[in-house]
2 protein chains.
Amino acid sequence: MTTSFQWDSFRTEVDRRLRAFVERQRPLVGAPDLAPLLTAAEDFLAGGKRLRPAFCYWGWRGAGGEDGPEICAAAASLELLQASALIHDDVMDSSDMRRGRPSAHRRFQAMHEEAGWRGSPARFGEGAAVLLGSLLLVWSSEMWRTSGLPAEALAAAEPIHDLMRTELMCGQYLDLLEQAHGESTFDSALRVALHKSGKYSVEQPLRLGLVLAAGRQEPWIDRLCVQYGHKVGIAFQLRDDILGVFGDPAETGKPAGDDLREGKRTMLIARTLSAASEGQAADVRRLLGDPALDAQGIARLRGIIEDTGALTAGEEMIKRYLDDALSSLERAPITPEARRALEELAVAATARRS
Amino acid sequence: MTTSFQWDSFRTEVDRRLRAFVERQRPLVGAPDLAPLLTAAEDFLAGGKRLRPAFCYWGWRGAGGEDGPEICAAAASLELLQASALIHDDVMDSSDMRRGRPSAHRRFQAMHEEAGWRGSPARFGEGAAVLLGSLLLVWSSEMWRTSGLPAEALAAAEPIHDLMRTELMCGQYLDLLEQAHGESTFDSALRVALHKSGKYSVEQPLRLGLVLAAGRQEPWIDRLCVQYGHKVGIAFQLRDDILGVFGDPAETGKPAGDDLREGKRTMLIARTLSAASEGQAADVRRLLGDPALDAQGIARLRGIIEDTGALTAGEEMIKRYLDDALSSLERAPITPEARRALEELAVAATARRS
């Protein structure tokens, strides 16, 4: 992602704020036997595209807020929330990889194996990862609150902050249910995607930034969040669905076809099933969620997703949602600089990557 | 527990505040497929001795705070934190029971089994319980912050609130490590107990209440928290160790000898091993942590814990810590009513129960 709003320097600032926050915890968590928690947190936080902080930051700037370390720290705290969700998610999905490295629970499992400790290394790994995720969840709210932003600004945004986190947990639960139910409709998959990811990836971070700067929820803020944020969120999630099936491992940080192997019930899969022939549907049901799915199986599933038109429909939907979002942005009463940045962010968040 | 400070009416008020808070979440979490999260939260929160809220409340009153619904709501939020920790703990320990009912993950597992859904019911149960625990963790900070207490009071106590939650997560991680290492010393078991439970059960809730009312950390507050809170916390944890081995299931809400079956490395077990003969130590190592431990095995372990003098030493240590705590209370510049209540709370938290 390269944009005219100095994406690199923003990312550097977010990195710096995250490192400084984690460093502040060292007196508490720096004891030798606790250090693996801190190191795992640092390593995990070194990755990530900083998309959520960027939407929050440009919401703030869009509503007239000045650049400064405080808003960068508040925005960066969203990465701690995201890290917490991913670590817990990987435990629930038994994912081996994340961001090109072993997932947190596999990392703690390996630590247990290398030390030759008692009990099950896998159970130890999962337990430690649950705790690391909870620790980062606690830290995300601490970093948010201690960002240095004025108390009145934080107070105005607090209900959104609370709501976003409740939505995230509920969305992850809906995701578990969706996998357990098996057959998803496009609408049910969309609802999960919105709760679990779309809202807290784009709409709510943007809203947080806007309300922090404006000091209250205003009708134009809500309009922008719904017409731009909500739609970019859906398009972002659709892109994520497509990358999970067709993405390059170097880009996704996960093995090829990982979402297929995990059996994720995405919008893309729902659309595939709704347009599939009987034979195609039977193949999808047989192959999807097979932990031993090989390259041939992945190729067969990819072929069906393409042949049913689900991939094309997904790309078209991304384009339509993105176009709608960009045209609503033109009407929003935000600063020209923020408008340009949010345009570029929307494109970057939903762009085809190869 | 009956005391002169109207324990029952305090408990009723805490119950009411918790129910009101959960009710506020219904518009978000009340959808039919999310309702099991809400119901599980309500059922879980209906239990519990409300010890942590009581220490917080009497800290507040001790430093001159007035009775009112706001402090009761802030204090009650500690029950959400505790519920979160217990739910995650039960997943990590694979505990079947909690507070006399199936643990949260077993409850969600049963829901999966009854519905005949796809995938592993046990994995679904664990995933849902991790999410419920995270949801309650998020709610505990929301309830704390929206208690209605003045912003300055909350701001003064916030660093303690943050520290307490970080300590709790670190303590639970140390507990996992302690089980994995196998052999604990009394000191290492004490360190885990303090981090994981002692501090956040007594010392920090008390400190929160005191600082909320005083508006800042003062030397006398720190003295009281260390000389009374810290010591009551250790005695409370020792009592918990003893109840986990010798307690009546009707009282503990867990099957008899559950801590022995789970192989918990408590201070009581560390002291037993340090005083055991070779034969006794071999028996402890063989039986402790055996998931199939039967009544005979439990009786053998109980016998060793008694014969080595570890039980008596534990009881004596509880008495000594309690006596020290009570005499430090006499010197603290708190209201007479709070002094009496904190005396009774210390006794109640550490008392032998049969």
Side-chain angles (χ1 to χ4, degrees), chain A residues 25 28-29 31 33-34 36-37 84-85 88-89 91-94 108 112 115 117-119 121 123-124 126-128 130-139 141-142 145-146 151 155 158-159 161-163 165-170 172-182 188 195 263 289, chain B residues 25 28-29 31 33-34 36-37 84-85 88-89 91-94 108 112 115 117-119 121 123-124 126-128 130-139 141-142 145-146 151 155 158-159 161-163 165-170 172-182 188 195 263 289:
Chain A
Q25 305 291 334
L28 303 175
V29 193
D33 48 4
L34 287 171
L37 282 178
S84 165
H88 281 176
D89 218 34
V91 171
M92 288 183 263
D93 294 341
S94 299
F108 285 108
H112 189 288
W117 287 332
R118 292 158 59 114
R123 293 295 293 174
F124 177 84
E126 290 182 359
V130 167
L131 292 171
L132 176 63
S134 299
L135 184 62
L136 295 181
L137 181 58
V138 163
W139 284 359
S141 67
E142 179 176 342
R145 244 185 335 82
T146 59
E158 208 60 63
H161 199 240
D162 287 335
L163 175 60
R165 293 179 301 161
T166 292
E167 279 173 350
L168 172 59
M169 301 310 159
C170 291
Q172 289 196 290
Y173 176 78
L174 288 179
D175 191 32
L176 280 185
L177 270 189
E178 194 80 357
Q179 315 305 318
H181 287 166
S188 71
H195 264 86
Chain B
Q25 305 291 335
L28 303 175
V29 194
D33 49 3
L34 287 170
L37 282 178
S84 166
H88 281 176
D89 218 35
V91 171
M92 287 181 266
D93 294 342
S94 300
F108 285 109
H112 189 288
W117 287 331
R118 293 158 57 114
R123 293 296 292 174
F124 176 84
E126 290 181 359
V130 167
L131 292 171
L132 176 63
S134 299
L135 184 63
L136 296 180
L137 180 57
V138 163
W139 285 359
S141 67
E142 179 177 342
R145 243 185 336 83
T146 59
E158 209 59 64
H161 199 239
D162 288 334
L163 175 61
R165 293 179 301 161
T166 292
E167 279 173 348
L168 171 58
M169 302 309 158
C170 292
Q172 289 196 290
Y173 176 77
L174 288 178
D175 192 32
L176 280 184
L177 271 187
E178 194 80 359
Q179 314 306 318
H181 288 165
S188 71
H195 264 87

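Side-chain atoms are counted along with the backbone in the values below, which use heavy atoms only and exclude waters and symmetry mates. A, B, ... follow the sequence lines: proteins, then strands. Residue 1 opens every chain.
Most heavy-atom pairs under 4.5 Å with chain A, from the set B/Asp93, B/Val91, B/Leu174, B/Asp89: that is B/Leu174. Contacts with chain A were tallied for B/Gln25, B/His161, B/Arg145; B/Arg145 has the most, counting heavy-atom pairs under 4.5 Å. Counting heavy-atom pairs closer than 4.5 Å to chain B, the top-ranked of the candidates A/Gln179, A/Glu126, A/Arg123, A/His88 is A/Arg123. Interface summary for chain B: among A/Pro36, A/Pro121, A/Cys170, A/Ala31, the most heavy-atom pairs under 4.5 angstrom belong to A/Cys170. Highest contact tally toward chain A, considering only B/Asp162, B/Leu168, B/Val138, is held by B/Asp162 [criterion: heavy-atom pairs under 4.5 Å].
The closest side-chain heavy-atom distance from A/Met92 to B/Leu131 is below 4.5 Å. Counting heavy atoms from C-beta outward, B/Arg165 and A/Ser141 have side chains that approach closer than 4.5 Å.
For A/His181, the parts lying near chain B are the backbone and the side chain together; criterion is any non-hydrogen pair under 4.5 Å. There is no contact between A/Ser84 and chain B, counting heavy-atom distances below 4.5 Å. With a threshold of 4.5 angstrom between heavy atoms, B/Leu137 approaches chain A through side-chain atoms but not through N, CA, C or O. Residue B/Ala151: no heavy atom, backbone or side chain, is found under 4.5 Å from chain A.
Of the residues listed (B/Val130, B/Leu135, B/Leu34), the one engaging A/Tyr173 in a side chain to side chain contact (heavy atoms under 4.5 Å, CB included) is B/Leu34, and it is the only one.
Taking both residues in full, the closest heavy atoms of A/Ala128 and B/Leu176 are given as N-CD1, 3.3 Å, listed atom of the first, atom of the second, then distance.
The structure places CD of A/Glu158 at 8.5 Å from CD of B/Glu142, a figure rounded to the nearest 0.5 Å.
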